[in-house]
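Below: one structure, written as structure tokens.
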Amino acid sequence: MKIRAAFLGLCLAASAAWADPQRAAQLRDQALTDNTAWQVLESLTTEVGPRPAGSPAAARARDWGVAKLTALGFSNVHVEPFAKRAWLRDAEAGEIIAPFPRKLALLGLGNSVPTGPDGVTAQVVVFASLAELKAAPASCCAGKIVLVNQPMTRTQGIDGYFTAVAARSAAPVASAHGAVAYLVRSISTSTARAPHAGAMQPWKAGERAIPAAALGVPDADLIAHMAMRSPVTVHLALQSHVADTTAWTVSGEMPGSDPKAGTIVIGGHLDSWDPGTGAIDDASGIAITVAAAKLVGATPHRRTIRVVMWGSEETDGSGPAYLAAHRNELDSIFIAGESDLGADMVYGLQLPVGAWNAPDIAPLESVLAPLKVMARPMPPEEAGSDVEEIQGAGVPVFALSQDASHYFDYHHSQDDTLAIIDPERLRQNVAAWAATLSILADTNADFRKVKK
Ligand SMILES: [Zn+2]
């Protein structure tokens with residue numbers, strides 16, 4: 001075919017079918033009045049609630065996922081178990097002792113060690129940034145509690161988070177400076193007092209493990225201001241335990257007409273942090289991909305669309321488990337993507353290199369334009385942490401960029417609940433996914449490098 005020469009790293013399949021922009025536009029418009037995503041999101045957050053991997057709630061989430069996919073007409077609904085060493089929160093408390101008593105709003109960090117029954121009481125040394133802690137003399141903090149009070153920058157994409165989140169894993173730096181505990185200002189763009197949970201990297205052999213927790217933003221600021229005037233003493237009592245458990249990834253499919261054309265793998269993660277009900281992180285990703293797949297699945301389409309509810313994203317595990325379980329079928333995964341940045345509006349689509357030049361993908365730019373979704377020319381560097389491993393093994397990925405400028409006001413906090421979901425923005429998000437999926441399910445372009 002004459003267009004072949006125009007492609008950059010792309011090849012055309014032999015099939016005569018072509019992606020249909022009119023069908024994609026119809027699905028886009030249908031999604032703008034469809035409430036499936038809202039119903040799925042409401043159901044998961046209300047019926048299961050918080051669901052950390054390894055907790056009893058995770059088993060209820062597994063059963064919910066199987067029942068929901070089945071009820072919505074998905075085929076091949078099944079569960080993929082994998083071993084999970086889970087970190088689970090127990091009783092936690094913290095307070096300022098001096099210069100005056102005040103209870104602290106805090107949450108222990110995933111992979112932290114407990115303080116022991118008597119807790120830790122020590123003076124706090126405050127650093128305005130992680131860089132300042134790293135540059136401090138090794139003797140700075142012996143016997144002290146280190147607080148890194150670095151504010152997070154609000155950005156439309158995820159770069160503000162990627163920059164700020166390093167401080168959440170800096171307990172080993174504090175430990176190397178002699179600290180007895182580590183506190184981090186919540187990785188948050190809000191000034192609300194609710195602390196934001198999250199995991200730190202597991203302790204490595206040779207590191208001296210110390211307890212670590214995130215403080216609500218105003219509490220971190222208060223300690224910083226106090227410390228400019230006089231010594232601040234804090235008491236921390238953080239309990240947690242680890243357990244060898246099982247985690248589960250749940251998936252179902254909307255079968256395509258051509259089994260040889262490959263499978264599209266999309267989804268979100270079923271596990272959540274414990275303070276809220278995991279509405280934006282990540283019931284919304286599950287709801288968006290389930291709703292979009294159901295819409296496209298109800299029309300004729302060539303490739304099978306598989307929706308995956310990954311079972312352990314927050315404390316790691318489901319991405320590597322998915323690669324291990326699907327290593328033998330990587331060449332049949334046509335493309336993969338994950339929705340894991342909330343329920344706000346999509347503003348861009350990133351496809352593999354050269355894809356926008358494919359004759360039956362190029363019209364997607366016009367289909368997405370009324371949604372204010374840009375065709376972004378650069379391919380995605382990443383498309384969600386649960387598809388990172390299969391991406392590393394050669395599976396092509398796509399990414400719908402979504403507005404995260406308010407996401408980190410609530411992420412991993414007690415305010416991540418259904419109350420912060422805007423149904424209209426959610427529908428716009430599903431519309432962008434549905435139109436994109438429709439084109440990817442039928443296109444003659446092929447981005448795969450892993451071939452049999
Ligand atoms: Zn997430």
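As the structure is a prediction and not an experimental result, all values here were calculated from the model. Counting from 1, the numbers follow the sequence of the chain as shown. One-based numbering, in listed order, for ligands and for the atoms of each.
Between Asp360 and Thr443, the side chains place a donor N or O and an acceptor N or O closer than 3.5 Å (distance only, hydrogens not considered).
Not a single N, O or S atom of His411, from either the backbone or the side chain, sits less than 2.8 Å from the Zn ion (ligand 1).
Under the salt bridge (Lys or Arg N to Asp or Glu O under 4.0 Å) criterion, no residue pair touches residues 24-49, with sequence neighbours excluded.
The atom of Asp340 nearest to the Zn ion (ligand 1) is OD1, with the search restricted to N, O or S atoms. The closest approach of Asp281 to the Zn ion (ligand 1), by N/O/S atoms, is made by OD1.
Ring to ring, Phe82 and Trp310 are not that close: their centroids are 6.0 angstrom or more apart.
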What do the steps show when you test Asp416 against Trp273 for side chain to side chain contact (heavy atoms under 4.5 Å, CB included), and what is the final call? CA-CA 9 Å; Asp416 179 6; Trp273 272 107; over 6 Å; no
